[in-house]
> 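Quick one: the structure is below, questions incoming.
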Amino acid sequence: MAPDPWFSTYDSTCQIAQEIAEKVQQRNQYERNGENTTKLTVTIRALLQKLKEKIALLKDLLLRAVATHQITQLEGDRRQNLLDDLVTRERLLLASFKNEGAEPDLIRSSLMTGGAKRGAPNPWLLEEPEETRGLGFDEIRQQQQKIIQEQDAGLDALSSIISRQKQMGQEIGNELDEQNEIIDDLANLVENTDEKLRTETRRVNLVDRKSTSCDGRHKFLRPKKKRPSRVDGEKMDSRISISL
């Protein structure tokens, strides 16, 4: 895995800041001893300019990483905090450089030398989190990479959950589409059945009307039965008596 250029630049920038603090302390020591500090002053000015350029580069790299989604927003905020801490250190170093009579006391190593004032506040260690206190740059970077890996693992798990939910949503959508098709088929079947029923009802009504019309016509055309006359009755009676 290739090293992150942002952390490489951050490490070198921190080393420059520490070197500036040591040079400022050395310059102040020379002044107390009455020695020439011109060479050290020129060196400190050059280092301060280099520190400023490095911080600007870190800002640019961070903006690009966030804009191109190379890092998470949480990691971007964490790197921004580190960058803000560097900017604060730059201001402290510049103030120590300009204040020739003040003791800088900006780094741990200065506490071990005889020039440091006891009980003086140490701005270099100000606001240092408990998790990184006493760790070197490589250890801090490893810790940060571990945090990034844990965040990536969490994002992968979240992505997997979202993918499953998306798949479930698609399956539910497909099921709804199938149910809608079945409902449409049933609606068409009911409509066709209703149309057939109406057609058959019209046919039955038509047949019924024709049947009624035919019955009336037959009744009208049926011949009347002839009533037997009195003469016919007498003839029939005589026939009966003769046969007897």
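Keep in mind that what you see is a predicted model, and the values were worked out from it rather than measured. Only heavy atoms go into these numbers, but all of them, side chains included; no hydrogens, no water, no symmetry mates. The first residue in the sequence is number 1, and the count goes up from there.
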> Nearest 0.5 angstrom please: Ser12 OG to Glu19 CD, how far?
11.5 Å
> Please walk me through it: do Thr199 and Arg203 pass side-chain hydrogen bond (donor to acceptor under 3.5 Å, both in side chains)?
CA-CA 6 Å; Thr199 301; Arg203 288 180 181 177; over 6 Å; no
> Group every Ile, Leu, Val, Met, Phe, Trp and Tyr by side-chain heavy-atom contacts under 4.5 Å, then state whether Leu40 and Ile16 land in the same group.
no
> For residues 176-190, which residue pairs pass the side chain to side chain donor-acceptor pair (under 3.5 Å) check, not counting sequence neighbours?
Glu175-Gln179
> For the residue pair Tyr10 and Asp4, establish whether any side-chain heavy-atom pair is separated by less than 4.5 Å.
no
> Please report the interatomic distance CG(Asp156) to OG(Ser163), rounded to the nearest 0.5 Å.
10.0 Å
> Checking Glu53 against Lys50 for the salt bridge (Lys or Arg N to Asp or Glu O under 4.0 Å) test, could you report, in this order, the C-alpha distance in whole Å, the side-chain angles of both residues, the deciding distance, and whether it holds?
CA-CA 5 Å; Glu53 294 173 356; Lys50 190 175 181 180; over 6 Å; no
> In the structure I gave you, are the side-chain heavy atoms of Lys23 and Arg27 within less than 4.5 Å of one another anywhere?
no
> List the residues meeting salt bridge (charged side-chain N to carboxylate O under 4.0 Å, His left out) with Arg91, not counting sequence neighbours, and say none if there are none.
none
> Less than 4.5 Å apart, side chain to side chain, heavy atoms only: is that true for Thr37 and Asn28?
no
> With rounding to the nearest 0.5 Å, note down the distance linking CG in Leu94 to CD1 in Ile20.
9.0 Å
> Same cluster or not: Leu93 versus Tyr30, using hydrophobic residues (I, L, V, M, F, W, Y) connected whenever any side-chain heavy atoms lie under 4.5 Å apart?
no
> Kindly give the heavy-atom pair with the smallest separation between Thr9 and Thr13, and that separation in Å.
O-OG1, 2.6 Å
> Just wondering, do Phe7 and Arg79 contact through their side chains at under 4.5 Å, heavy atoms?
yes
> Would you indicate whether the side-chain heavy atoms of Thr41 and Arg45 approach each other to under 4.5 Å?
yes
> What I want to check is whether the side chains of Gln15 and Asp11 have a donor and an acceptor closer together than 3.5 Å.
no
> Measuring only between side-chain heavy atoms, which start at C-beta, is Glu90 closer than 4.5 Å to Leu86?
no
> Could you pull out all residues at least two apart from Glu195 that satisfy salt bridge (charged side-chain N to carboxylate O under 4.0 Å, His left out)?
Arg198
> Are there more than 12 heavy atoms of other residues, nucleotides or ligands under 6.0 Å from atom CD of Glu191?
no
> Do the side chain of Thr201 and the main chain of Leu197 share a donor and acceptor less than 3.5 angstrom apart?
yes
> Measure the NZ-CD1 distance between Lys146 and Ile148 for me, rounded to the nearest 0.5 Å.
13.5 Å
> Take Arg164 and Gln167 through the side-chain hydrogen bond (donor to acceptor under 3.5 Å, both in side chains) test and state the conclusion after the steps.
CA-CA 5 Å; Arg164 287 198 299 270; Gln167 184 178 359; over 6 Å; no
> Nearest 0.5 Å please: distance from the OG1 atom of Thr72 over to the CZ atom of Arg78.
8.5 Å
> Side chains of Val87 and Lys59, heavy atoms from C-beta outward: is any pair under 4.5 Å?
yes
> Can you confirm whether Trp6 sits close enough to Leu82 that some side-chain heavy atom of one is under 4.5 Å from a side-chain heavy atom of the other?
yes
> Side chain of Asn174, backbone of Gln170: donor and acceptor closer than 3.5 Å?
yes
> Stepwise, does the side chain to side chain contact (heavy atoms under 4.5 Å, CB included) test hold for Asp84 with Gln80?
CA-CA 6 Å; Asp84 293 340; Gln80 184 62 51; 2.9 Å; yes
